[in-house]
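The structure under discussion appears below in the form of structure tokens.
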Amino acid sequence: KTCVGGAVEAWSGPSEEVTSPVFDARTGKRLVIGQLATMGEVDAVRAVEASAAAWDRGQGAWPQMSLAERIERVEGAVAALKERR
């Protein structure tokens, strides 16, 4: 899945494994911690444009939030990810 412009979308394109710098003692290999969409130019530009629009030259919702609000949002995202394990 990808998240562009605040929308979670299914991803059927190529992806790459994301690994931790920590090695699994049993296998000697890095631990796989996720997948990263390997976007082409069109998808990548769309993601960058969505990010720029959200930032809105420092006037968007995220940059205007207090630190406490941003921490709360990130902690909420972490909690949601932990539920999916």
Side-chain angles (χ1 to χ4, degrees):
K1 295 182 182 181
T2 61
C3 182
V4 176
V8 176
E9 302 170 346
W11 178 256
S12 59
S15 62
E16 295 182 31
E17 286 186 341
V18 177
T19 59
S20 167
V22 175
F23 284 83
D24 184 327
R26 293 174 291 140
T27 65
K29 296 181 180 180
R30 288 179 177 226
L31 297 172
V32 175
I33 58 173
Q35 296 283 323
L36 177 65
T38 307
M39 295 182 170
E41 182 179 351
V42 171
D43 291 316
V45 167
R46 188 169 65 92
V48 169
E49 288 175 346
S51 296
W55 181 254
D56 191 21
R57 299 180 189 263
Q59 301 305 307
W62 182 262
Q64 293 297 308
M65 278 183 204
S66 69
L67 178 59
E69 290 173 305
R70 283 189 245 162
I71 290 170
E72 184 179 323
R73 297 285 180 96
V74 171
E75 287 175 343
V78 169
L81 289 171
K82 284 182 178 180
E83 287 178 14
R84 296 184 61 175
R85 280 198 223 181

Shortest non-hydrogen contact from [X] to [Y]?
X: Arg70; Y: Met65; result: NH2-O, 3.1 Å
X: Glu17; Y: Val32; result: OE1-CG2, 3.5 Å
X: Ala54; Y: Pro63; result: O-CD, 4.2 Å
X: Thr2; Y: Trp11; result: CG2-CE3, 3.8 Å
X: Val8; Y: Lys1; result: CG1-CD, 3.8 Å

Legend entry - Flag, side chain of Gln64 to backbone of Gly58, donor-acceptor distance under 3.5 Å: yes
Legend entry - Check: Ser20 side chain, Val22 main-chain N or O, donor-acceptor pair, under 3.5 Å: yes
Inset, instruction - Considering only NZ, NE, NH1 and NH2 on the basic side and carboxylate oxygens on the acidic side, decide whether Glu9 and Arg46 come within less than 4.0 Å. - result: yes
Legend entry - Point-to-point distance, once rounded to the nearest 0.5 Å, from CG of Asp24 to OG1 of Thr19: 12.5 Å
Legend entry - Val42-Val4 co-clustered via ILVMFWY side chain contacts under 4.5 Å: no
Legend entry - Exceeds 12 heavy-atom contacts within 6.0 angstrom, atom CD of Glu69: yes
Inset, instruction - Answer yes or no: does atom CZ of Arg73 have more than 12 heavy-atom neighbours from other residues, nucleotides or ligands under 6.0 Å? - result: no
Legend entry - Side-chain touch Phe23/Arg30, heavy atoms, less than 4.5 angstrom: yes
